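Read through the structure below, which is laid out as structure tokens, and then see the notes.
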Amino acid sequence: MSDNPPLEAYRYSDGSITYPGHPIGPDGSEPVDTVDLSEYTAEVITWTTSMATPPGVRQPNTLAIVEFDVDGEPVRALGQVTTDDVEIGDEVKAVYCDELREPGVGIKEPASQEWDGYRFEPVQ
């Protein structure tokens, strides 16, 4: 078991799963469970590389939309990729990162928000 926070999705009574989680699911019900997506691998659906990033975000910044298969239920997520060498169809895993952007850069007070999260890393 990891000490990292979960990459948490919500499961609803109809079996659907959303990421990020929402207080009301597609069927109008409240969540009945959570799923840690970092325990699964995903497939890259599409990706892009941003060359003009916000202050404090690495440049270039490759992002991907990935799809997890959780018990036959598709769950999509958007996030940074650990490398620029990624292709549609690649298998990736979620890896924890202490800082997705530099806290001291930009207009937000560093203590005002979380700076950690997950990136997607190709599975070799």
Side-chain angles (χ1 to χ4, degrees):
M1 185 76 176
S2 170
D3 290 335
N4 297 330
L7 182 58
E8 191 172 74
Y10 288 3
R11 185 187 310 261
Y12 304 90
S13 60
D14 69 351
S16 62
I17 302 171
T18 64
Y19 177 81
H22 301 281
I24 302 296
D27 68 348
S29 70
E30 294 181 4
V32 295
D33 198 9
T34 60
V35 175
D36 184 356
L37 296 176
S38 70
E39 296 175 359
Y40 296 82
T41 59
E43 179 182 338
V44 174
I45 302 300
T46 191
W47 61 273
T48 189
T49 299
S50 173
M51 301 305 279
T53 63
V57 175
R58 67 187 181 167
Q59 188 177 26
N61 188 30
T62 299
L63 304 165
I65 296 175
V66 303
E67 184 173 273
F68 295 89
D69 180 342
V70 180
D71 304 326
E73 187 68 27
V75 184
R76 288 190 176 184
L78 168 67
Q80 294 179 349
V81 183
T82 60
T83 178
D84 295 336
D85 186 20
V86 65
E87 297 294 332
I88 292 172
D90 283 356
E91 184 180 8
V92 295
K93 64 181 179 178
V95 293
Y96 182 75
C97 180
D98 287 329
E99 291 182 356
L100 294 175
R101 66 188 299 171
E102 188 180 336
V105 177
I107 61 173
K108 292 190 176 188
E109 179 64 35
S112 71
Q113 70 180 49
E114 304 285 327
W115 300 96
D116 64 336
Y118 282 86
R119 288 185 174 137
F120 300 114
E121 179 176 79
V123 174
Q124 301 299 328

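Keep in mind the model is a prediction, meaning the values are calculated, not measured. Both backbone and side-chain heavy atoms feed into the values below; hydrogens, waters and symmetry mates do not.
Using a 4.5 Å cut-off between side-chain heavy atoms of Ile, Leu, Val, Met, Phe, Trp and Tyr, with links allowed through other members, Tyr10 and Tyr19 fall into different hydrophobic clusters. One hydrophobic cluster holds both Ile45 and Leu78 under the rule that ILVMFWY side chains link at heavy-atom gaps under 4.5 Å. Neither Leu63 nor Val57 shares a network with the other; the hydrophobic side chains, linked directly or stepwise wherever heavy atoms of I, L, V, M, F, W or Y lie under 4.5 Å apart, form separate groups for each.
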Distance-only donor-acceptor pairs under 3.5 Å for side chains of residues 85-92, two or more places apart:
unit_1: Asp90; atom_1: OD2; unit_2: Glu87; atom_2: N; d: 2.8
unit_1: Glu91; atom_1: OE2; unit_2: Thr41; atom_2: OG1; d: 2.9

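For the atom pair CG (Leu7) and OG1 (Thr34), the distance works out to 11.5 Å, reported to the nearest 0.5 Å. Note that CG of Asp27 and OG of Ser13 are 4.0 Å apart. Values are rounded to the nearest 0.5 Å. The line from CD of Glu121 to SG of Cys97 is 11.0 Å long, rounded to the nearest 0.5 Å. Between Lys93 atom NZ and Gln124 atom CD the span is 9.0 Å, to the nearest 0.5 Å. Gln59 CD to Ser50 OG: the interatomic distance, rounded to the nearest 0.5 Å, is 7.5 Å. Here Phe120 contributes atom CZ and Ile65 contributes atom CD1; the two are 10.5 Å apart, rounded to the nearest 0.5 Å.
Of the N and O atoms on the side chains of Asp14 and Ser29, not one donor lies less than 3.5 Å from an acceptor on the other residue. Side chains of Asn61 and Thr53: a donor-acceptor N/O pair is absent below 3.5 angstrom, by distance only. Side-chain atoms of Tyr12 and Thr18 include a donor-acceptor pair closer than 3.5 Å.
Considering all non-hydrogen atoms of both residues, Val44 and Ala64 come closest at CG1-CB, 4.3 Å.
Counting heavy atoms from C-beta outward, Trp47 and Thr62 have side chains that approach closer than 4.5 Å. You'll find the side chain of Ile17 stays beyond 4.5 Å of the side chain of Pro74, heavy atoms only. Met51 is listed as a side-chain neighbour of Thr49, based on a closest heavy-atom distance under 4.5 Å. Side-chain contact check for Arg11 versus Val70: some heavy-atom pair is nearer than 4.5 Å.
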CA sep, side-chain torsions, deciding dist, call: Arg119, Val81, side-chain contact (heavy atoms from CB on, under 4.5 Å): CA-CA 5 Å; Arg119 288 185 174 137; Val81 183; over 6 Å; no
Trace of the ring-ring contact (aromatic ring centres under 6.0 Å, His included) decision for Tyr118 with Tyr96: CA-CA 5 Å; Tyr118 282 86; Tyr96 182 75; 5.6 Å; yes
Side chain to side chain donor-acceptor pair (under 3.5 Å) between Ser38 and Asn4, intermediate numbers included: CA-CA 10 Å; Ser38 70; Asn4 297 330; over 6 Å; no
Stepwise side-chain contact (heavy atoms from CB on, under 4.5 Å) check, Thr82 with Gln80: CA-CA 7 Å; Thr82 60; Gln80 294 179 349; over 6 Å; no
